[in-house]
Amino acid sequence: MISWNNLDTIKAYDELGKVSKVNLAEVMSGENGANRVKNYSVPMAAGMAYNYATKQVDDEVLAALAKLAEETQLVEKYEALYNGEVINTGEKRLVLHQMTRGQLGDAVVADGVDKRDFYVGEQKKIAEFANKVHNGEITNAAGEKFTTVVQIGIGGSDLGPRAMYLALENWAKVNNTFKMEAKFISNVDPDDAAAVLHTIDVAHSIFVLVSKSGTTLETLTNESFVKDALKNAGLNPSKHMIAVTSETSPLAKSDDYLAAFFMDDYIGGRFSSTSAVGGAVLSLAFGPEVFAQFLDGAAEADKTATNSDIKKNPAMLDALIGVYERNILGYQTTAVLPYSQGLSRFPAHLQQLDMESNGKSVNRFGEKVNYVTGPVIFGEPGTNGQHSFYQLLHQGTDIIPLQFVGFKNNQMGSDVVIENSTSQQKLCANVVAQIVAFACGKKDDNANKNFEGGRPSSIIIGEQLNPASLGALLAHFENKVMFQGFVWNVNSFDQEGVQLGKVLAKKVLAHDTDGALKVYSDLLNI
C-alpha cells in the first residue's frame, strides 16, 4: 500500500537531519580522497558512471538516505507510475513518458488503447515518413528533396528537442547519419522566426508544428509567420508542414499538413523528447535508426531506476543526495556543467525539467508544505563557464552544488596537440581540476587568494556523447526529478505556475485591462 506523506512527517527524514555532517575538504585529502573517487561510483546506462566522491556524504549519510528512500517508497511509486496509476493529481492524468521508450511493467490501457502500442505505432509512422523524405518519395512541389527541417514550438516542444539535436549534430555528421539540418523557432518575438527564415531556403524546408492542444498562442502565431513566408515565395504551405499534436486537437485532421503525428495528455512537454515531439525532428535530421538508439539508451536508464538499492540506482541516489543538500544542508541552487560543447543547451532543458516540475509550494493534495522543494537550476558548458561564473562558485558566499558531465572522447574525432596534450585532454584536465579545487580548496595567507573548499559536486562520466549515452543522460535526469518530487510529496507533472501569465496576456491583447496592467500595456504601446 503506497502512502503519500509530506517530507517533514517522515521518520527517516528526521533521522537524516541528526547524522553528522561530512567535512568534504578533509575526507578528500590524501589517500582517503583517492579511495573515495574509486569507491563512490555507480554504473549507469550506456556505459556511463555517476561518481559522487565529492558530495558531502559518507556511509552513515548514505545509510540514512537509503532509509529515506525505503520509507518514502520511491521504487514502489515509480512502479505505480509506469503501471498506469494516476500520478499527476493536479490534472488527474497518468504519467507515461517512460513508455515511449519501453514497457517496464504491466500493459497500460487508457482511452481504450494499449499505450505502448500507441507510442510504438506513432514512432513507426514517423520513421516511414522520415525515410520517404530522405528517399525523395516525399518532396516539394518541384519534385526536389527537402534539405532542412524547422521545428515550431515553445517550452518543452523546443528546449528538449533543440538540446538533443545540438547534442547529436556533430556525431551524426562524422558517422554519416546526418540527413537534414534542423532549425528551431520558439519565441513569439518576430525576430526569432524572421532570423530563422532568413537563413534557410524555404522551398526546400519542411516545418514541424508542435502543439499538443493545437491552441498554443505563440506557436500558432509563428506558424502564421511561416505560412506567410511560404506564400510569399509562391509555395503551398500545406505541402511544407507536418503537425505533432493530440488526436483531439484541431490540427489532427487538418488539410493544412502533409501528415500529423500524435502524442497524448499523459506526456508533459518537458518529458516529451522521446515522444513524437522529439521523434519527428530528430528522425528527419538524423534518421529513425539514430532516434531508436536514443530511445534504447533512455530505456536502459529507466530500467536501472527500478532498483531498490540506492547504490545500484544512480538516478535515485542523485535525487536523494540533492534532497539532502536542499533540505538538510540548505543549498538553494544547483549548477549543471557539461564539459561537452554538444550539450550547450542541455542545462536550459534541465532548467525547465527541474524547475517546472518541482517548483511547487503545495503538496499533491494542494496543501501548503513547510519545507523547501526544488532548487534553482542553471548552467553553461565548460570551459566557457570557468571564465564566467565560476568565481562565485569558488569563493562566493553561497555554496552551490555542482553537477559535472564529461566524456573521455570527443564526437568529431579531430584534435590537435599543443604543449604535449590534445584539446580533449585539456578539456578533461580542466574538469578534473575543478572538481578537486571545489572540494579541497587551497589555503593562502592572502584572504583574496584563499579557497575554503568544501564545495560539493558529482560527475557523470561517459566514453562519448552519442545517441545511446544522450538518451541515458536524459532519462537519468527525468528520473532524478521524479524521485525528488516523490520525496517532497509534490506533483512533478503539472505546471499551473505558467498559466496565470498566459491568462493575463490574453486580457492585455483584448484591451481588457485596468490598473497596473493597463499602465504597463500603454508603456509598451500594446
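Computed over heavy atoms, backbone and side chain alike; hydrogens, waters and symmetry mates excluded. A quick note: this is a predicted structure, and the numbers were derived from the prediction, not measured.
In this structure, His394 and Phe451 have perpendicular ring planes: the angle between them is above 60°, well past the 30° mark.
For the residue pair Tyr119/Gln123, the side-chain donor-acceptor check at 3.5 Å is not satisfied. Asp398 and Gln332 form no side-chain donor-acceptor contact under 3.5 Å, judged by distance and modelled atom types alone. Using modelled atom types, one finds a donor on one side chain and an acceptor on the other under 3.5 Å when comparing Ser469 with Asn466.
Inter-residue side-chain proximity for Glu478 and Leu353 is flagged as met; some heavy-atom pair is nearer than 4.5 Å. Between Asn51 and Phe404, every side-chain heavy-atom pair lies at or beyond the 4.5 Å cut-off. Considering only heavy atoms from C-beta on, Trp488 comes within 4.5 Å of Asn358 through its side chain. Annotation: side chain of Ile461 is in contact with side chain of Lys408 (closest heavy-atom distance under 4.5 Å). Using a 4.5 Å cut-off on side-chain heavy atoms (C-beta onward), Tyr390 and Leu337 make contact. Using a 4.5 Å cut-off on side-chain heavy atoms (C-beta onward), Asp318 and Tyr52 make no contact. Taking 4.5 Å as the limit, every side-chain heavy atom of Asp265 sits out of range of all side-chain heavy atoms of Thr248. Put simply, the side chain of Glu325 reaches to within 4.5 Å of the side chain of Ile321, judged on heavy atoms.
Here the closest non-hydrogen pair linking Glu380 and Pro347 is N-CG, 4.1 Å.
Under the ring-ring contact (aromatic ring centres under 6.0 Å, His included) criterion, Tyr82 pairs with Tyr78, sequence neighbours left out. Not counting sequence neighbours, Phe178 has no partner by the ring-ring contact (aromatic ring centres under 6.0 Å, His included) test.
For Phe271 and Phe493, the distance between ring centers is under 6.0 angstrom. Remark: aromatic rings of Phe294 and Phe286 are distant, center separation not under 6.0 Å. A distance of 6.0 Å or more separates the ring centres of Tyr371 and Tyr13.
Of the residues Gln56, Arg455, Arg326, the one that meets the side-chain hydrogen bond (donor to acceptor under 3.5 Å, both in side chains) test with Tyr331 is Gln56.
Ion pairing between a basic and an acidic side chain is recognised when a charged N comes within 4.0 Å of a carboxylate O; Glu15 and Lys18 show no such pairing. Using a 4.0 Å cut-off between a side-chain N of Lys or Arg and a carboxylate O of Asp or Glu, Lys360 and Asp494 qualify as a salt bridge.
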